[in-house]
Amino acid sequence: LRAWLPVDATFGANHQGEDLLALRFLTKFLYDLGELPVYEPFRGYRSVGTVRLRNDAGDADILEPRCVQEMIETYGADAVRLLLLTTSSLDRPLVLRSSTLLGIRRFLTRVWTQCELRLEKGKFVSRRMLVRKHLLIHEVTQSLAAWNFAGAIAALMKFSRFLGHPETTPEEMDR
């Protein structure tokens, strides 16, 4: 516990308040006994809303585990995770559109293909590539610091389009 606490950030839904309260109480109790060096278990807490699935007709229902399992089986777990990150907002309910999963899956396939093309082929890094890589690192870092996961993924998508451009060769990029 000494190595794990305090946690940098935790996310919870409104219905998890009792669990978080119990965890805070237990942490304060162990702190008073001298067993823990921290008084609070979390440095930050963010409340998240419910997840709703919107079908093509526009009807929204609370997302059930079987729906998630079907999405994972059809599009893959990485596509579902990325969809959750790109469409999420910490201050309002999350609405998923099943039609966007196909586009996310295509993006992941494109990234995988680009990585395979460049595996062990890079011989030099052009100035243009170096500038784009550092811009990507800056944009992703800024977005993650602001809890803007969609912004970080948008920067990765933009970089992926840059890699897929006909002027960018596989030899131009290092591993």
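Counting begins at 1 with the first residue of the sequence. Below, each value reflects all heavy atoms present in this structure, side chains not excepted, and no hydrogens, waters or symmetry copies. In this text the structure is predicted, and so the values were computed from the model without any measurement.
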Spatial distance of atom CG (Leu26) from atom CD (Glu35) [nearest 0.5 Å]: 11.5 Å
query: If you look at every heavy atom in Ala152 and Val140, which pair is closest and at what distance?
result: O-CG2, 3.8 Å
- prompt: Can you say whether the rings of Phe29 and Phe25 are parallel (under 30°), tilted (30 to 60°) or perpendicular (over 60°)?
  reply: parallel
- request: Answer yes or no: are there more than 12 heavy-atom neighbours, outside Arg110 itself, under 6.0 Å from its atom CZ?
  value: yes
field: Atom pair CZ/CZ of Arg132 and Phe159 - distance to nearest 0.5 Å
entry: 8.5 Å
field: More than 12 heavy atoms of other groups within 6.0 Å of Tyr31 OH
entry: no
message: With rounding to the nearest 0.5 angstrom, report the CG to NZ distance, Leu135 to Lys158.
response: 5.5 Å
message: Any heavy-atom pair between the side chains of Arg105 and Asp78 that's under 4.5 Å?
response: no
message: So Met129 and Phe162, do their side chains get closer than 4.5 Å, heavy atoms only?
response: yes
- prompt: For the residue pair Glu40 and Pro6, what are the closest heavy atoms and their distance?
  reply: O-CB, 3.6 Å
Residues which pass salt bridge (Lys or Arg N to Asp or Glu O under 4.0 Å) with Arg128, listed by chain and number, not counting sequence neighbours: Glu172
field: Evaluation steps, side-chain contact (heavy atoms from CB on, under 4.5 Å), between Tyr75 and Ile104
entry: CA-CA 9 Å; Tyr75 300 102; Ile104 297 232; over 6 Å; no
Heavy-atom check, side chain of Ser160 versus side chain of Phe107, under 4.5 Å: yes
field: Separation between OG1 of Thr74 and CG of Leu102, rounded to the nearest 0.5 Å
entry: 11.0 Å
field: Connected via hydrophobic side-chain network under 4.5 Å: Leu144 and Met157
entry: yes
Distance-minimising heavy-atom pair for Thr27 and Pro41: OG1-CB, 3.5 Å
task: Report the distance from atom CZ of Arg81 to atom CD1 of Ile72, rounding to the nearest 0.5 Å.
output: 7.0 Å
- prompt: Would a hydrophobic clustering, with Ile, Leu, Val, Met, Phe, Trp and Tyr connected at side-chain separations under 4.5 Å, put Leu33 with Val38?
  reply: yes
Distance, nearest 0.5 Å, that separates CG of Leu82 from CG of Leu108: 5.5 Å
statement: In Leu136, Leu130, Val131, the residue satisfying side chain to side chain contact (heavy atoms under 4.5 Å, CB included) with His134 is Leu130
